[in-house]
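The structure appears right after this line, and notes come after that.
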Amino acid sequence: MIVVVAEKPSVARDIARVLGCRQKGQGFLSSDTHTVTWALGHLVTLCEPDEIDPQYKRWKREDLPILPQTIPTKIIPKTKSQYQVVKKLLCDKDTTSVICATDAGREGELIFRLIYDKSGCKKTFDRLWISSMTDSAIKEGLDTLRPGTDYDGLYQSALSRAQADWLVGMNASRAFTLRYGALLSVGRVQTPTLAILVKRAQDIRAFEPETFYTVTAGFGDYKGIWFDSKAEDQKTSHRIPAKETAQNIAKLVRGKRATVIDVNREQKREPPPLLYDLTSLQREANKALGFTATKTLSTAQALYETHKAITYPRTDSKYLPRDMVGRVQTALNNLSAPYQPLVENIPRKDDGKPPMPARVYDDAKVSDHHAIIPTTQKTDPTRLTPDERALYDMVVRRFIAAFYPAHEYEAVRVVTQSVEHNFQSTGRSILVNGWKDVLREREKQDTLPSLAIGDTRQVQGAKVKQETTKPPAPHTDASLLSAMEYAGRDIEDEALREQMRGSGLGTPATRAAIIERLLRVGYVRRQGKALHATQKGEQLIMAVPEQIASPETTAKWEQALEDIAKGQRDTQRFDEGIRRFTEFLVTYAFTQGPDIAFERDKPARRKSGAPKAKELPNVKCPLCGKGVVENDKAFGCANWQDGCAFTLWKDALSRGSGPQLTTAIVTKLLGTGQVLGSTGTIALTNNRLQFTPKGADKPAVDVGIAYTKTNRNAKAASTPAHKEE
């Protein structure tokens with residue numbers, strides 16, 4: 001028997017279907033040759049300090065730093081029953097080998113290895129490494145399994161990361177909390193990320209607006225703005241500090257003769273944008289759709305896992321390997337009808353195939369996973385939620401655009417002189433719109449008349465305008481993700497800056513969680529799209545040493561972890577460095593930390609025990625036929641421990657414009673499929689929940705029902721401070 005360990009029940013079901021495992025067991029699916037089980041996320045994790053030694057339960061200065069030789073692991077109580085299932089299967093005498101099928105990345109590797117080690121399993125295992133959840137991709141992955149030992153470097157990197165977060169986060173959080181008498185969370189990645197936001201807040205406060213003036217002259221059929229051709233910074237060469245000077249220039253040139261003294265015409269081309277990696281997708285979705293980084297990740301994960309519509313989203317690569325040419329052609333051909341006219345307009349080679357541009361195919365720039373693209377599976381966008389459809393459309397259009405011609409235009413710069421004052425005019429004429437047709441970007445043409453050196457005009461008017469310099473804009477998810485990705489780019493030391501190229505704060509898979517953690521612990525607040533550091537967040541950065549707040553330090557650590565994964569660095573050297581750094585942080589907190597008065601945290605109200613889930617009488621789950629239970633937030637399948645994902649959140653409709661779901665509504669809805677109310681109709685068809693207001697001809701709210709908590713961005717706010725990924 002071969003045991004396959006997946007990370008999530010939904011992924012396990014997909015693998016089981018491909019392997020023909022149709023027999024259901026408690027926590028697994030099986031056939032005569034394979035058994036597929038799942039980890040339900042994390043089944044094993046690092047112990048808390050008080051689980052290592054009870055004396056650490058109370059936070060005391062004399063106990064710090066806590067530096068155990070090894071950090072033991074524990075079975076997570078909430079999912080202990082599933083761990084026992086996995087352990088029994090791994091250690092069963094009938095199990096001949098194991099396949100690790102957790103998510104193909106650093107964290108997925110750690111999840112499996114911790115379970116494998118905790119169970120005491122000694123059997124050899126292979127690694128399933130796939131970037132798509134379609135049946136064909138799973139089959140191909142199963143046919144090309146690699147020995148688990150090939151990923152030992154990745155595991156060592158993941159373990160070093162987890163232990164570094166534990167040591168730094170656990171010790172620093174306790175030390176600074178004890179020093180300042182306020183609950184303070186300090187982390188290896190979250191603190192330097194907070195420092196980026198604090199610096200922006202300080203820059204905005206320190207900004208002093210400056211008033212300047214501009215002069216625009218009208219030459220009849222075109223206009224020009226005054227500029228100083230001798231200015232060192234041509235970007236600000238049009239600014240005139242004194243109003244009187246600007247008025248004198250305008251007065252001097254009005255009605256005077258003007259002569260064209262320079263004409264520069266340059267044909268320019270913009271190649272198509274690179275394919276998406278996760279960070280660039282999150283940035284673009286924040287700008288175009290207003291999605292937070294977390295929302296983009298969860299939506300992309302649903303498109304990958306549930307709908308098999310896109311490839312693995314947690315990637316840091318924007319390229320494809322050259323051996324994917326055939327799959328790319330199939331993916332293009334299988335896009336739904338609305339996209340086919342765009343596909344047909346892709347320039348083809350003589351053999352009818354799309355080109356192979358270097359901006360798309362580059363084996364050297366593909367890391368563990370290639371760029372995010374649509375899968376070869378046919379996807380009906382109408383079956384996606386509005387958010388899923390919008391994000392899917394972004395991925396598809398970027399994919400198609402990559403094979404389109406460059407955007408070409410002619411840029412014209414004209415300098416017109418009057419009474420020894422120069423005025424600049426710029427124009428743009430589009431020659432080929434190219435890939436911008438796919439992304440629905442049509443730039444406005446700003447054409448100038450046909451001008452040549454020596455042409456003359458009369459200055460028909462000159463206007464003076466008062467303007468003011470603007471402060472830096474607050475960070476958004478998009479700009480903060482960029483700052484995290486390119487941490488270290490402003491380092492003055494050129495050698496160090498070059499060494500850090502390609503590293504950053506966190507990884508594409510963890511940056512969204514870091515931002516959300518800063519919001520949860522009260523260091524950052526969100527206002528519209530803007531992210532603002534709070535007073536507590538700014539005070540923390542004042543309290544901690546520069547070394548923990550510096551993006552440069554953490555970016556170097558991330559580079560070291562990457563080197564460990566590639567087998568280019570010894571883990572012992574990294575681990576010893578983290579331990580020395582932890583000792584430094586504790587010493588600094590108690591001996592060098594500045595005197596700062598943090599506002600005391602209000603004691604949290606003790607919650608009474610949450611009511612137990614109650615089962616609805618005579619109501620069956622529409623996905624698996626088992627019972628349905630209700631808790632304070634949702635209605636769900638009583639068979640959830642075996643992987644059934646059916647969930648109806650009570651606010652699923654009220655988050656839109658519909659009613660709150662009640663026991664009576666859900667009982668009737670699951671019995672008849674439809675509920676008529678005073679405000680409209682609630683319907684449940686094809687695993688979709690819809691609310692249509694009275695008199696409306698189409699639903700106002702349309703959501704899928706097979707959601708898990710992670711799909712809904714509902715991670716518990718009680719994540720320990722040291723767990724950053």
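Quick caveat: nothing in here was measured; it's all calculated off a predicted structure.
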Count the heavy atoms belonging to other residues, nucleotides or ligands that lie under 6.0 Å from [atom1] of [X], then report whether that count exceeds 12.
| X | atom1 | value |
| --- | --- | --- |
| Gln592 | CD | yes |
| Lys199 | NZ | no |
| Glu210 | CD | no |
| Lys60 | NZ | yes |
| Gln535 | CD | no |
| Glu232 | CD | no |
| Glu62 | CD | yes |
| Glu51 | CD | yes |

Salt bridge or not for [X] and [Y], using N-O below 4.0 Å?
| X | Y | result |
| --- | --- | --- |
| Lys436 | Glu270 | yes |
| Asp595 | Arg179 | yes |
| Arg389 | Asp393 | no |
| Glu107 | Arg113 | no |

If we ignore angles and hydrogens, is there a donor and acceptor under 3.5 Å between the side chains of [X] and [Y]?
| X | Y | value |
| --- | --- | --- |
| Glu388 | Thr299 | no |
| Gln190 | Ser185 | yes |
| Ser131 | His369 | yes |
| Gln55 | Asp63 | yes |
| Thr554 | Arg188 | no |

State, with a plain yes or no, whether a side-chain heavy atom of [X] is found less than 4.5 Å away from one of [Y].
| X | Y | value |
| --- | --- | --- |
| Asp103 | Tyr312 | yes |
| Pro209 | Phe207 | yes |
| Phe584 | Val586 | no |

- [ ] State which residues pass side chain to side chain contact (heavy atoms under 4.5 Å, CB included) with Thr534; sequence neighbours excluded, sorted by chain then number.
- [x] Arg525, Lys536

Task: Derivation of the salt bridge (Lys or Arg N to Asp or Glu O under 4.0 Å) call for Lys295 and Asp387 - done: CA-CA 9 Å; Lys295 182 173 182 177; Asp387 287 346; 3.0 Å; yes

TODO: Locate the shortest heavy-atom distance separating Arg579 from Gln69; write the atom from each residue and the value.
DONE: NH2-O, 3.3 Å

TODO: Please report the closest heavy-atom contact between Ile76 and His42, naming both atoms and the distance.
DONE: CD1-O, 3.1 Å

Open item on the list: Is the terminal nitrogen or CZ of Arg61 (NZ for Lys, CZ for Arg) located under 6.0 angstrom from the six-membered ring centre of Phe590 and within 45° of that ring's axis?
Closed with: yes

TODO: Could you check whether the rings of Phe176 and Tyr588 sit parallel, tilted or perpendicular, using 30° and 60° as the cut-offs?
DONE: tilted

Open item on the list: Name the residue from Glu284, Glu485, Arg511 that meets the side-chain hydrogen bond (donor to acceptor under 3.5 Å, both in side chains) definition with Thr279.
Closed with: Arg511

